[in-house]
Amino acid sequence: MLWLNAFSVKNRIFEPHFVSMKKKWMPWVVALAVLAIGMVLLYVLGPVEGPMPLWMSILPPLVAIAMALLIKEVISSLFVGILTGTFLMALYGGSSPASALGGGLLRVVDTYVVGSLFDADHVTIIVFTLLIGGTVRIITANGGMQGVVNWLSRKAKGPRSGQLMTFFMDLCIFFDDYSNTLVVGNTMRPIADKLKVSREKLAYIVDSTSAPVVAVAFVTTWIGAELSYIQDGINAIGLDVSAYSVFFRSLAYSFYPFLTLGFVLMLIFSGRDFGPMLKAERKARIASSMETDMSNSVAKPAHIIDALIPLTVLIFGTIIGLIATGYDASVWQAETDFFSKLSETIGAANSYKALLWASVLSLLTAILMTLLRGDMKFGKIMEEMVEGFKSMFNAVLILTMAWSIALVTKDMHTAEFVSHLLVQWSLSPVVVPVLTFLLAALIGFSTGTSWGTMAILYPLILPALWLLCQEQGMSVDATMPLFYNVVASVLAGSVMGDHCSPISDTTIMSSLASSCNHLQHVRTQMPYALTVGGVAVLLGVLPTALGLPSWVAFLMGFVVLWLIVRLVGKKVET
């Protein structure tokens with residue numbers, strides 16, 4: 001009996017640990033087993049002859065995404081996705097399975113990781129991210145951020161007002177999505193913690209407000225790329241219209257960005273959520289306390305000006321940098337209105353250089369103000385700055401891996417494969433906007449880049465639609481509404497795919513700025529993005545392609561989203 005009792009006690013002590021370890025390691029075991037089976041099968045098959053089937057180009061991002069969702073760890077998942085691509089390319093390049101695996105493993109680093117870092121824009125984003133981290137750390141250590149928190153706390157009395165303040169801060173920084181996510185996420189994180197708003201909800205508001213606002217605003221860092229991509233499609237057709245005019249008219253069909261902004265407001269005002277977000281919010285509300293990043297950092301009185309001035313320098317420095325890098329005297333001498341001149345100037349600007357200049361000036365301002373305050377010695381300020389750099393390392397690593405897998409998908413022609421599926425089908429022009437939206441979402445999800453999706457689809461889809469309409473004898477007047485709808489669908493679909501993709505740089509940066517587990521952010525945001533995307537397609541893109549006025553479609557979309565929030569959503573407070 002003693003032996004049985006001892007055995008029973010031992011079981012009660014160790015069984016929970018074994019169960020926990022089983023839950024932790026089982027996904028890894030399954031993932032590695034699937035990979036091992038695949039390798040063995042390829043080895044048995046022997047060397048592969050002939051070109052690689054184009055459908056295999058979709059495997060690297062799918063493997064990375066599936067593994068990330070399975071094991072809930074993104075860096076190793078991205079690595080396996082890159083390895084899948086390098087292995088397949090080497091295998092179909094004439095290598096044996098064993099040498100393809102070994103060579104592919106080396107190419108992950110020497111070709112794709114290093115290659116992604118050879119891109120000047122990528123390096124600029126890394127430096128910008130590090131500088132933002134250093135600035136935030138300094139203004140946290142000197143009490144500036146605590147001053148902001150204290151001031152905002154007097155305005156935000158509860159979770160609803162805190163979320164609403166985050167939303168409107170996102171609207172204010174409308175000119176760039178990177179600045180938007182990093183500034184708003186870092187500023188509002190301690191407020192969200194104090195008001196018991198979950199990190200997942202904060203990341204969702206930041207992510208789902210930044211890109212939609214930047215995508216449809218007239219004066220942004222996106223406008224130049226958008227106009228150039230649209231112009232490529234117009235040139236292929238030979239239309240005598242300006243890209244800016246087409247973009248402006250397409251806004252009437254930009255259902256996903258506008259419906260997303262409305263949906264965020266509905267969730268905030270109703271105090272309701274559903275799906276994984278509801279669980280995250282309820283957990284945050286009942287928590288006795290939440291960890292804040294500045295709880296142990298502030299040793300001096302809080303001075304709000306020590307944070308406001310560096311952040312102001314960052315925001316207005318970016319705007320000035322955009323104007324400086326995009327300035328063209330001939331544009332300002334033309335007989336057009338001021339708004340058009342400003343939009344064209346910022347559209348032609350070097351946004352990466354402007355962000356870099358502004359972040360350097362912001363960091364220097366934070367250092368100088370801290371020195372003048374006399375609360376911290378120069379050596380201590382440098383230590384805090386380096387700690388801020390270190391806090392960004394995980395995000396930089398994820399960004400690098402995401403860029404690397406994007407290079408793999410480019411070399412394997414993933415986007416071209418998905419795009420050609422649409423072109424090869426014989427379609428009615430009316431369904432092209434819907435398929436364009438879905439195709440853009442799929443490519444954006446698979447590659448993690450809205451800009452890359454637009455660069456691929458605009459020159460391809462716009463001529464294809466025009467040709468379909470001409471073949472069916474449609475007039476120019478009947479074709480142009482479909483044309484504007486397709487222009488909007490490429491942009492809207494790419495933003496939706498970007499919102500759902502765990503390898504998207506803006507999704508990663510939103511997680512980083514909000515200090516939210518990256519895969520938790522993806523998991524909680526995806527149901528909302530898919531909900532809005534479904535409503536946008538069924539009540540917006542398709543009906544307007546059939547001739548319904550866009551204002552009616554917008555009205556129906558907002559009404560249905562409100563009904564979803566009211567009927568499916570549940571109050572967060574328990």
Mind checking the [atom1]-[atom2] spacing from [X] to [Y]? Nearest 0.5 Å is all I need.
X	Y	atom1	atom2	value
Arg249	Asn485	CZ	CG	14.5 Å
His499	Phe445	NE2	CZ	14.0 Å
Met556	Leu259	CE	CG	10.5 Å
Met277	His521	CE	NE2	8.0 Å
Ser489	Met496	OG	CE	12.0 Å
Leu265	Leu561	CG	CG	12.0 Å

* Asked: Would you say the side-chain atoms of Arg272 pair up with the backbone N or O of Leu267, donor to acceptor, closer than 3.5 Å?
  -> no
* Asked: Side chains of Thr181 and Asp207: do they bring a donor and an acceptor to under 3.5 Å?
  -> no
* To do: For the residue pair Thr507 and Ser504, confirm or rule out a side-chain donor-acceptor distance under 3.5 Å.
  => yes
* To do: Could you give me the CA-CA distance, side-chain angles and deciding distance for Leu202 and Cys516, then say whether side-chain contact (heavy atoms from CB on, under 4.5 Å) is met?
  => CA-CA 8 Å; Leu202 175 64; Cys516 175; over 6 Å; no
* Applying salt bridge (charged side-chain N to carboxylate O under 4.0 Å, His left out), run through Lys571 and Asp273 and close with a yes or a no. => CA-CA 7 Å; Lys571 284 287 186 180; Asp273 282 291; over 6 Å; no
* To do: Measure the acute angle between the ring planes of Phe554 and Phe558, then classify it against the limits of 30° and 60° as parallel, tilted or perpendicular.
  => parallel
* Asked: In terms of ring plane angle, is the pair Tyr528 and Tyr204 parallel, tilted or perpendicular, where the classes change at 30° and 60°?
  -> perpendicular
